[in-house]
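In what follows, chains are A, B, ... by sequence order, proteins preceding strands, each numbered from 1.
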Number of protein chains: 2
Amino acid sequence: MKSPAASSSIEDYVKVIYSFTEWQDKPISSTQLAQRLGVANSSVSEMVRKLKDLGLVDHKPYSAVTLTEAGRGLALTVVRRHRLIETFLVEELGYAWDEVHDEAELLEHAVSETFVDRLAAKLGHPTRDPHGDPIPDADGALELPAARLLSELDEGHHGSITRISDDDPELLRYLSREGIDVDTHVEVGPRKPFSGALQVLVSTADGGAGHPAELGEQALHALWVADDTPHEGCTLA
Amino acid sequence: MKSPAASSSIEDYVKVIYSFTEWQDKPISSTQLAQRLGVANSSVSEMVRKLKDLGLVDHKPYSAVTLTEAGRGLALTVVRRHRLIETFLVEELGYAWDEVHDEAELLEHAVSETFVDRLAAKLGHPTRDPHGDPIPDADGALELPAARLLSELDEGHHGSITRISDDDPELLRYLSREGIDVDTHVEVGPRKPFSGALQVLVSTADGGAGHPAELGEQALHALWVADDTPHEGCTLA
DNA sequence: CAATAGATTTCGGTCCACCTAAAATAAGCC
DNA sequence: GGCTTATTTTAGGTGGACCGAAATCTATTG
Ligand SMILES: [Mn+2]
Ligand SMILES: [Mn+2]
Ligand SMILES: [Mn+2]
Ligand SMILES: [Mn+2]
């Protein structure tokens, strides 16, 4: 039932391959994989061959890498560990949400299945991590909330933040300062003429008065919004 | 201030070298080191050379290995991590004391200093782990309780268990069943004729009626007793 | 004090995950 | 369709941690 225990590297590879298609569909290329893992392309080539031998990925030379069922299964356990650990760090150890990623990146390879199960129980079986990413359950099932990238929404749209990409701590700190968190309600305002920055009306989840924030390209591609009421604008407050 | 981050192996080596002299004074030999680490003697020879180059141990060929100040410092941080993690597993995740060692053995290499500090705070800065082993503080200071190995005590002696070696989970389970835990009060009874087993009177810390237990060689060398009142026998109960 | 048994080190070699530089291939463009 | 460019793979090599077998040293002991 349990494969002979994958190395940390293997776990990171399948996790990155999985994550790449979590919020969009194009499979990942060698180069993208290399970038996200911070290793050379050649290293990826070799490792992908190994992953293929292990039955974790499908791969034809010179094309994109996709997970097999086994690979996806492994990836989901790693993602589960990662996100539960992040949740633990925030809820129990008082970490800020921009501090948890690196810590979880290492810890995810060091915890046993028992540990993960007990941790999940202690945390009350959470389904989302501090950044809104879904936490797979022990069987690998997860609920992906319907959401659209903020950069794709038209002016007037509003909804609540469902997910914030956690790979740039700097951005997370900026968003914190602007009062933007998971479940924060936002309304899309006008594009700033040249900068490409978008004006957004931020209101607290409990219907406080909104305040404006300016979000650049980077932020727009890191924020996912639940398509609350995509049609008409019933501004609350 | 911080050395470039030791590998897991290096951390385990210095930890084992340190632990060997925690409750007695003879320094550890190559072979003993190899046994405790589960590696070949030849591997130890090589690694010891590296540790010496790193300034973590003193070593003259063909003799025992001892820690330098730097090595002792590193060892203490590893031990601190290990024991705090064990405490966490028992107190917060409901592990039994025989389950924690292996988990901590891996986790100790994956946690950051920040993690350790916050964990210690959350646990209330404990000074002993679930097996009674002292937990060094952030500066590496630790209080070694005065204690003697149970195997060295004469009949009639009594005192409370201060420390139980945690390297055999099987033994820990046995002791649990016999009602022996850290702070349990025991009185040394007679040696059984040939077996070498010792009869011990076990009473709960809160002065309940005692019951007898039989402890073999293995157990006698794993239990440390605080020299409570080494002189006369004021049997309580 | 020389022989020998036991502990320790050295030697050649493996496996893993990485690297740089060079070769192969796919894709876009005239 | 051929050329060029960008991506991907292969080739050759490194460092870390391990191994078994062989060589070497220490300590005992006869
Ligand atoms: Mn990782
Ligand atoms: Mn996250
Ligand atoms: Mn360890
Ligand atoms: Mn312990």
Look at B:Glu99 together with A:Arg118 and state whether they make a salt bridge at an N to O cut-off of under 4.0 Å.
-> yes

When you list every nucleotide of DNA chain C with an atom under 4.0 Å from a heavy atom of chain B, which one comes first 5' to 3', and which comes last?
-> C:dA7 to C:dG12

May I ask you to say whether A:Glu22 pairs ionically with A:Arg72, meaning some side-chain N is under 4.0 Å from a carboxylate O?
-> no

With a non-hydrogen cut-off below 4.0 angstrom, is B:Thr31 in contact with a base, only sugar-phosphate, or nothing?
-> sugar-phosphate

Residues in salt bridge (charged side-chain N to carboxylate O under 4.0 Å, His left out) with A:Glu69, at least two apart?
-> none

Taking 4.0 angstrom as the limit, do A:Lys15 and A:Glu105 come out as a salt bridge?
-> yes

Any ion pair linking A:Glu217 and A:Arg191 (charged N to carboxylate O, less than 4.0 Å)?
-> yes

Run the side-chain donor-acceptor check on residues 46-61 of chain B: report pairs under 3.5 Å with partners two or more places apart or on a different chain.
residue: B:Lys52; atom: NZ; partner: B:His59; partner atom: O; Å: 3.1
residue: B:His59; atom: NE2; partner: B:Ser63; partner atom: O; Å: 3.0

Check side chain to side chain contact (heavy atoms under 4.5 Å, CB included) between B:Ala121 and all other residues, then give those that pass, not counting sequence neighbours.
-> B:His125

For the pair made of CZ in B:Arg49 and P in D:dG15, what is the distance, rounded to whole Å?
-> 15 Å

Exam field: side chain A:Arg163 to backbone A:Gly132, donor-acceptor pair closer than 3.5 Å = no

How would nucleotides 24-29 of chain D be written as a contact map, 5' to 3', with B for base contact, S for sugar-phosphate-only contact and - for no contact, using protein heavy atoms under 4.0 Å?
-> BSS---

Rounded to the Å, how far apart are A:Lys52 NZ and D:dT8 P?
-> 16 Å

Salt-bridge contact B:Glu86-B:Arg83 (side-chain N to carboxylate O under 4.0 Å) | no

Heavy atoms under 4.0 Å is the rule here; annotate nucleotides 16-22 of chain D 5' to 3' with B where the base is hit, S where only the sugar-phosphate is, and - elsewhere.
-> SSBBBB-

Hey, is the main chain of A:Gly71 close enough, under 3.5 Å, to the side chain of A:Tyr18 for a donor-acceptor pair?
-> no

